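Starting from 1, each residue takes its place in the sequence as its number. Keep in mind it's a predicted model, so treat the numbers as computed, not measured.
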Amino acid sequence: MKTLVITACVLVITAVAIVYFIAPTVFWKERNAAKGNPRSCESVTARLDKLFAQWNRSDSPGCSLGVSRNGAVVYERGYGMANLELGVPITPASVFHVASVSKQFTAMSILLLAQRGQLSLDDEVRKYITEWADHGSRLTIRHLLTHTSGLRDAFLLEGLAPPREDVVDRNDAIVKILARARGLNFTPGTEYQYNNGGYTLLANIVKRVSGQSLRAFADANIFNPLGMTHTHFHDDPTMIVPNRASGYHLDAGGLQVAIRGDPGGIVGNAGLFTTARDLLLWEQNFADVRVGEPALVAAMQTPTVLTSGDTSLYGFGLEIGEYRGLRTIGHGGGDPGYRAYVVRYPDQGLAVAVLCNLDDIDPATLTRGVADIHLADAFATPSANSATPPHVSLSAEQLASKVGLYRDPSNESVGRIFVRDGKLMASEGAGEGESVELTPVSANRFVVRGTAIAVEFVPAAPGRPQEIHVTGAGKPVVSQQVTTSFTPSSTELRALAGAYTSAELEGTYTLAARDSGLVIQIPGRADIVLQPIFPTHLRAPLLAL
């Protein structure tokens with residue numbers, strides 16, 4: 001029997017994200033949102049409604065918008081339908097699943113326990129997760145909060161594990177997977193790597209320390225004190241939620257109900273159900289602290305310093321950024337059928353919440369459009385805004401010279417550069433799926449509009465392929481173009497066939513050689529077809545599990 005060791009950079013399966021290719025998750029899906037000053041003859045209401053007009057129909061999902069200034073709600077409205085089948089429109093009271101927006105509330109729960117002296121952010125995880133295996137490095141609660149833990153991707157590993165009938169609580173299952181892991185991706189504190197499983201661990205720590213579930217703890221200590229009466233951690237998938245918006249997915253066949261949009265009881269990294277109106281109450285807590293101590297609230301919004309001295313633009317459950325010269329604090333979230341983005345411009349007292357029930361909508365861009373309207377006089381002029389230099393036009397041949405598959409040799413992550421509708425795009429993995437536009441500002445330099453991210457293409461030189469140098473989003477990233485195709489022979493594929501076991505996942509797998517290539521057979525799951533991308537690496541659509 002062969003032994004299968006599964007890591008974040010598996011030799012046969014590489015599950016990659018653009019977080020290691022172009023930028024950290026904090027900037028994923030950033031777009032060019034600088035629209036300039038709208039005409040003064042239009043009311044603010046009319047300008048805001050224009051941003052959402054394409055979804056404000058009786059046959060479309062849409063968004064709930066909430067805007068506050070210095071704690072006072074200045075605009076709120078629903079656009080589109082909360083449920084197409086029943087004809088229910090979206091309103092400011094519609095409840096949405098907001099996915100990773102949840103993380104800041106998990107972080108606050110941990111901070112409240114620290115404030116009471118029930119734990120320390122520098123305590124080791126194994127102090128509370130007593131079944132934790134020896135990972136060879138000191139892993140602390142602070143590392144989990146800041147995504148500097150080096151933990152493997154627990155949800156990827158869960159998708160690889162054979163289904164178990166004895167699993168009652170998926171949160172506990174995720175903790176067990178991480179506790180059994182035989183190592184980490186890197187020494188904690190040395191790198192930033194967005195990790196959902198770390199926040200599921202934090203939820204479990206809240207439960208073990210407080211004696212309450214994350215839902216009960218957050219209700220009593222955050223939501224009720226702030227008057228967030230329509231917000232909860234949805235740890236019971238069977239619970240009926242009044243005013244809940246259904247999630248939808250758009251593909252070539254049209255709109256579909258997003259059947260995988262429910263988090264399935266997972267909380268901590270996700271699982272928060274809330275409204276735009278409630279989130280504005282939460283945002284005001286950062287300016288007028290009622291929950292938590294001012295020092296802890298400030299710590300949530302402070303960038304993380306790595307052991308190398310480099311800085312990650314992530315605090316405790318919050319992303320620290322900038323738009324058109326103004327400081328921003330926010331976080332996005334996305335799951336099948338849902339997209340959300342909540343952001344504050346702390347120096348201007350503006351808070352914007354956009355919650356959507358269609359996963360084709362980009363709420364981050366919409367929040368910037370709202371800011372363009374409300375903060376027009378506060379933004380730097382285009383000539384003074386060095387983060388968004390004027391773009392140039394490149395020929396089709398110039399764009400084509402950038403196209404290809406690129407690999408970061410430091411962590412084996414890959415991404416693809418391709419042209420779509422005359423624009424250069426960057427996508428995660430080896431395919432051309434979800435992508436971000438790269439805007440040219442010179443022949444070889446591109447930016448992600450609305451961010452400080454710059455992408456420099458360094459032409460090939462003798463003994464070195466073409467490279468991409470990414471700056472402006474934490475630690476600089478260098479990726480090299482994969483210049484040779486990899487088409488293994490049937491003999492090479494058959495040599496990999498056989499039975500493999502993983503003690504960490506408590507499963508046995510079969511790698512089988514087929515005419516179509518190599519497939520992974522996991523008991524109780526559909527076959528996973530592996531696509532060769534370069535020697536020693538094949539990829540699979542594991543997120544479809």
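Because its NZ or CZ atom is both nearer than 6.0 Å to the ring centre of F379 and within 45° of the ring axis, R324 counts as a cation-pi partner of that residue. Relative to the ring axis of F286, R344 places its NZ or CZ within 45° and under 6.0 Å from the centre.
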Just do the side chain to side chain contact (heavy atoms under 4.5 Å, CB included) check on L202 and V206 with the steps written out, would you? CA-CA 6 Å; L202 290 170; V206 170; 5.7 Å; no

Using the side chain to side chain donor-acceptor pair (under 3.5 Å) rule, take D49 and Y79 through it: C-alpha gap first, then chi angles, then the decisive distance, then the call. CA-CA 8 Å; D49 290 348; Y79 302 91; 2.6 Å; yes

Show your reasoning for whether side chain to side chain contact (heavy atoms under 4.5 Å, CB included) applies to C63 and L355. CA-CA 5 Å; C63 303; L355 315 183; over 6 Å; no

Report the C-alpha distance between K50 and E42 in whole Å, list the side-chain angles of each, state the deciding distance to 0.1 Å, and finish with yes or no for salt bridge (charged side-chain N to carboxylate O under 4.0 Å, His left out). CA-CA 11 Å; K50 275 187 176 181; E42 289 184 296; 2.5 Å; yes

Apply side chain to side chain donor-acceptor pair (under 3.5 Å) to residues S43 and T45 and explain how you reach the verdict. CA-CA 5 Å; S43 69; T45 296; 4.7 Å; no

Candidate pair Y338 and D359, rule side chain to side chain donor-acceptor pair (under 3.5 Å), full reasoning: CA-CA 5 Å; Y338 297 96; D359 54 24; over 6 Å; no

Might you work through the side chain to side chain contact (heavy atoms under 4.5 Å, CB included) test for L113 and S210, ending with a clear yes or no? CA-CA 8 Å; L113 291 173; S210 71; 4.1 Å; yes

Is there a side chain to side chain contact (heavy atoms under 4.5 Å, CB included) between E322 and R327? Walk through the geometry before answering. CA-CA 5 Å; E322 179 182 295; R327 189 165 61 103; over 6 Å; no

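In this structure, the side chains of E124 and L139 stay at 4.5 Å or more apart for every pair of heavy atoms. Side-chain contact between S149 and P188 is absent, with no heavy atoms from C-beta onward closer than 4.5 Å. You'll find the side chain of M425 stays beyond 4.5 Å of the side chain of V436, heavy atoms only. Under the 4.5 Å side-chain criterion, counting only non-hydrogen atoms from C-beta, L214 is not in contact with D235. Inter-residue side-chain proximity for T365 and R368 is flagged as met; some heavy-atom pair is nearer than 4.5 Å. The shortest side-chain heavy-atom distance between M300 and M108 falls under the 4.5 Å cut-off. L48 has its side chain within reach of V44: a pair of non-hydrogen atoms, C-beta onward, lies under 4.5 Å apart. The shortest side-chain heavy-atom distance between T231 and L272 falls under the 4.5 Å cut-off.
Of the residues R152, K176, R170, the one that meets the salt bridge (Lys or Arg N to Asp or Glu O under 4.0 Å) test with E158 is R170. Considering I110, T106, V175 as possible partners of I205, the one that fulfils the side chain to side chain contact (heavy atoms under 4.5 Å, CB included) test is I110.
Smallest separation of non-hydrogen atoms from G315 and T146: O-CG2, 3.5 Å. The minimum heavy-atom distance linking A353 with L279 is given by the pair CB-CB, 4.3 Å. Of all heavy-atom pairs between S64 and A276, the closest is OG-CB, 3.6 Å. Across all non-hydrogen atoms, the minimal contact from L51 to W55 is O-CZ3, 3.6 Å. Residue A99 comes nearest to G334 through the heavy atom pair CB-N, 3.3 Å, listed as atom of the first residue, atom of the second, then distance. A pairwise comparison of heavy atoms in A378 and L326 identifies O-CD2, 3.7 Å as the closest pair.
Ring pair F105/W282: centre-to-centre distance below 6.0 Å. Aromatic pair H391/F446: centroids not less than 6.0 angstrom apart.
Using modelled atom types, no side-chain atom of Q284 and backbone atom of L280 make a donor-acceptor pair closer than 3.5 Å. Panel note: side chain Y199, backbone G317; a donor-acceptor pair is recorded below 3.5 Å. Between the E76 side chain and the G66 main chain, no donor and acceptor come within less than 3.5 Å of each other. Formation of a donor-acceptor pair under 3.5 Å by the N357 side chain with backbone atoms of S246 is found in this model. With hydrogens and angles ignored, the 3.5 Å screen pairs a side-chain donor or acceptor of H234 with a backbone N or O of D236. With hydrogens and angles disregarded, a donor-acceptor distance shorter than 3.5 Å links the side chain of R208 to the backbone of Y128. The closest donor-acceptor contact from the side chain of N171 to the backbone of V267 lies under 3.5 Å. Judged by distance alone, with hydrogens and angles left aside, the side-chain atoms of T304 form a donor-acceptor pair with the main-chain N or O of Y314 at under 3.5 Å. A distance-only check finds a donor-acceptor pair linking the side chain of N285 to the backbone of V291 [under 3.5 Å]. Of the possible donor and acceptor atoms, one in the side chain of T275 sits under 3.5 Å from a partner among the backbone N and O of D278.
Note that CG of L313 is 12.5 Å distant from CG of L318, once rounded to the nearest 0.5 Å. To the nearest 0.5 Å, atoms CG (L119) and CG (D122) are separated by 10.5 Å. Taken to the nearest 0.5 Å, the CG atom of N221 stands 4.0 Å off from the CZ atom of F217. Atom-to-atom distance recorded for E131:CD and L178:CG is 10.5 Å, nearest 0.5 angstrom. Put simply, CZ on F223 and CZ on F233 are 5.0 Å apart, with the number rounded to the nearest 0.5 Å. Annotation: the span from L375 atom CG to L350 atom CG amounts to 4.5 Å, rounded to 0.5 Å.
In this model, a donor atom of one side chain and an acceptor atom of the other lie less than 3.5 Å apart for Y194 and S100. Residues N196 and K103 have side chains that bring a donor and an acceptor to within less than 3.5 angstrom of each other. Counting only N and O atoms by type, the side chains of T200 and N269 include a donor and acceptor under 3.5 Å apart.
For R77, the CZ atom sits in a packed shell: over 12 heavy atoms of surrounding residues, nucleotides or ligands are nearer than 6.0 Å.
Residues passing the ring-ring contact (aromatic ring centres under 6.0 Å, His included) test with H143, sequence neighbours excluded: none.
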